[in-house]
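Presented below is the structure to which this report refers.
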There are 2 protein chains.
Amino acid sequence: MQTDELRINDALRAKETLIFSANCSIAYNGRAQSYLGFGDRLIMIKQDGTLLVHTPFGASPVNYMKGGATHRLKNVGGHLVITSRSSAQKEFMEITIRRIHFIESLTLLDQEKLLLAGTEKDMSDMIFENPSLISPGFRPLSREEHTKFGFIDVFGYDRDGDLVVVECKRDKADFAAVSQLERYVHRIKKAKGLSKVQGVIAAPTISANAETMLREKGYAFKRVEPPRFLEQYGKSQSRLGDF
Amino acid sequence: MQTDELRINDALRAKETLIFSANCSIAYNGRAQSYLGFGDRLIMIKQDGTLLVHTPFGASPVNYMKGGATHRLKNVGGHLVITSRSSAQKEFMEITIRRIHFIESLTLLDQEKLLLAGTEKDMSDMIFENPSLISPGFRPLSREEHTKFGFIDVFGYDRDGDLVVVECKRDKADFAAVSQLERYVHRIKKAKGLSKVQGVIAAPTISANAETMLREKGYAFKRVEPPRFLEQYGKSQSRLGDF
DNA sequence: GGGGAGAGATGCCGC
DNA sequence: GCGGCATTTCTCCCC
């Protein structure tokens, strides 16, 4: 126990990455409030102050504190208790520990950034380069435009000279996508004083209900798959260098 | 090295929770594609097959596989390589390991469920119990109603007998909240053949732009804080038992 | 720091 | 399974 206490304190002081497993209970108060009774969990405190509590199942942490939090270890009547505070968001967490299964700590060095392909931005780039994916004669003017009209994926003129707003979704488009498109179309109409602006959702699929709503409002759906730059990877691992 | 290989293989076979730190690179192909160059990371494989890769900074994993994935360890020319597959989503991940810093594995027992207060549902319950939070004379009919019209937080009649749709947000309301409210109001109007249905956003705050859009569409904003059942907790830790 | 929107979002619940 | 939506969403980017 004494050793555990020293080990955790040393890691926190040195701002190492600390990972341990413990039977513990957790109370949180901040943006919401939560309590979790005693059970075995993995707890990770990163070098930036991020704290994650993971149960043995599921992808998401059951409790967490964002980076910048400060952590303190106390010994309360023989039990170790970790308190974490984030002044930024007025958050507070308390981990009451019954038993520790293991403790590890070390400093991790990682300078790399994730390369990611197949995002919505990759879709809008692809459409900009291949406008016929939307319609014959489509002439894009801009992509990923952050203007006062909003953040519009692709925006241009169709064959008839009408303005077209294209909203891309990398997955199935839903009600929210239709609402978003409508919001952009209305803003463009108002800003440019136009009565006729086309709206297109470009996505691999669209839910039936969303498509009904889309048609009712006079917009169109165009099936477009997000580009898969590494399609060949699964077949040939030697192509990793292509990235 | 031989020991590391055995240790990881034993843990995977036994479906223990496995956590190790390694200098590694990561390739992913599935819903998208990604590549991450060599760096020090924490890797966690849970009892349900969830795999998480964490860098030393940030709350979110840089790479992951959802529960149900299967993991295999290979020795490729002296380097350990973990391959993970999820047949459900046709996903594939490959972790190439240069050096392992530590390995731990164990079986975690956790039966507890998180108790959480201060959610949007708590807000709609509170409004249902205290209708005057919306307006004097408001009479709620239902809460959290999952109908074919959609998922409506609170819905009832105002003092004048008009139908009212209330959309709650636990944080600042934004454009999306206004669009959502509008969608519900339109659907109710259509379904009931009404020309006049009120719409209210109940939230602690609303962004200035969203409020402008809200007013333009004839809806109202009502300031409501999500209920904080554990308000007292931060002041008096002895009250933990109240939960 | 706020606003706006994407995410390999995840997770929950209802049909 | 899909659909619809909340999330202590997190993260990024722009103003």
Side-chain angles (χ1 to χ4, degrees), chain A residues 28-34 50-53 57-67 86 88-93 114 116-124 144-153 167-177 180 183-184 205-210 226 228, chain B residues 28-34 50 52 57-67 86 88-93 114 116-124 144-153 167-177 180 183-184 205-210 226 228:
Chain A
Y28 161 78
N29 195 354
R31 284 175 287 176
Q33 302 81 40
S34 73
T50 301
L51 184 157
L52 302 173
V53 180
F57 304 96
S60 301
V62 67
N63 276 116
Y64 55 92
M65 295 285 277
K66 295 179 72 171
S86 159
Q89 292 186 97
K90 293 176 186 162
E91 293 183 296
F92 176 72
M93 180 176 295
L114 186 73
L116 183 65
T119 64
E120 189 178 300
K121 178 166 190 331
D122 294 326
M123 285 183 76
S124 63
E144 293 281 316
E145 187 151 66
H146 292 263
T147 68
K148 56 187 165 189
F149 316 129
F151 178 89
I152 295 174
D153 290 337
E167 174 59 32
C168 300
K169 290 295 161 197
R170 70 176 306 286
D171 293 313
K172 183 172 289 196
D174 57 11
F175 279 143
Q180 206 179 344
R183 201 156 66 231
Y184 296 156
T205 54
I206 184 168
S207 73
N209 291 337
R228 313 208 130 227
Chain B
Y28 161 78
N29 195 355
R31 283 175 288 175
Q33 302 81 39
S34 73
T50 300
L52 303 172
F57 303 95
S60 301
V62 67
N63 276 117
Y64 54 92
M65 295 287 278
K66 296 178 75 170
S86 159
Q89 293 186 96
K90 294 175 186 162
E91 293 183 295
F92 176 73
M93 179 176 297
L114 186 73
L116 184 64
T119 64
E120 189 178 300
K121 179 168 190 329
D122 294 327
M123 283 183 76
S124 63
E144 295 280 314
E145 186 150 72
H146 293 261
T147 69
K148 57 186 166 189
F149 316 129
F151 179 89
I152 295 175
D153 290 336
E167 174 58 33
C168 300
K169 290 294 160 198
R170 69 178 304 285
D171 293 313
K172 182 171 291 195
D174 57 11
F175 280 142
Q180 205 179 344
R183 201 157 66 230
Y184 296 156
T205 54
I206 184 168
S207 74
N209 291 337
R228 314 207 129 228

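Keep in mind that the numbers below use all heavy atoms, side chains included, and drop hydrogens, waters and symmetry copies. Please read these numbers as outputs of a predicted model, since none were measured by experiment. Below, chains carry the letters A, B, ... as their sequence lines are ordered, and counting in each starts from 1.
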Between [atom2] on [N] and [atom1] on [X], what's the gap in Å once rounded to a whole number?
X	N	atom1	atom2	answer
A/Gln33	D/dT7	CD	P	13 Å
B/Phe57	D/dC12	CZ	P	13 Å
A/Leu114	D/dT11	CG	P	13 Å

Does [X] reach a base, just sugar-phosphate, or nothing at all? Heavy atoms under 4.0 Å.
X	result
A/Val62	base
A/Asp171	sugar-phosphate
B/Gln180	sugar-phosphate
A/Gly118	nothing
B/Lys121	nothing

Taking the side chain as everything from C-beta on, heavy atoms only, tell me whether [X] gets closer than 4.5 Å to [Y].
X	Y	value
B/Phe151	B/Asp153	yes
B/Leu116	A/Ser34	yes
A/Asp171	B/Arg31	no

Please state the [atom1] separation for the pair [N] and [M] - nearest whole angstrom.
N	M	atom1	answer
C/dG8	C/dG4	P	23 Å
C/dG14	D/dT8	C1'	25 Å
C/dA7	D/dC5	C1'	15 Å

Atom pairs, protein N/O to nucleotides 2-4 of chain D N/O, distance under 3.5 Å:
| residue | atom | partner | partner atom | Å |
| --- | --- | --- | --- | --- |
| D/dG3 | OP1 | A/Lys172 | NZ | 3.4 |
| D/dG3 | OP2 | A/Lys172 | NZ | 3.1 |
| D/dG4 | OP1 | A/Asn209 | ND2 | 2.1 |
| D/dG4 | OP2 | A/Ser207 | OG | 3.3 |

Of A/Ala32 and B/Ala59, whose closest DNA chain D nucleotide lies nearer the 5' terminus?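 On the 5' side of the pair lies A/Ala32.
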Go nucleotide by nucleotide along DNA chain D from the 5' end; which of B/Arg170 and B/Glu167 gets its closest nucleotide reached first? B/Glu167
In which ranges does DNA chain C form stems of 3 or more consecutive Watson-Crick or G-U pairs, distances under 3.5 Å?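 If one scans DNA chain C for consecutive Watson-Crick or G-U pairs, the stems found are C:1-7 with D:9-15, C:9-15 with D:1-7.
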So where does chain A start and stop touching DNA chain C, 5' to 3', when the test is distance under 4.0 Å to a non-hydrogen atom?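 That gives a stretch of C/dA5 to C/dG11.
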If we ignore hydrogens and angles and just use 3.5 Å, is the side chain of B/Arg228 paired with the main-chain N or O of A/Gly30 as donor and acceptor? yes
Quick check: on DNA chain C, is the nucleotide nearest A/Thr119 upstream (toward 5') of the one nearest B/Lys66, or the reverse? Name the residue that is more 5'. A/Thr119
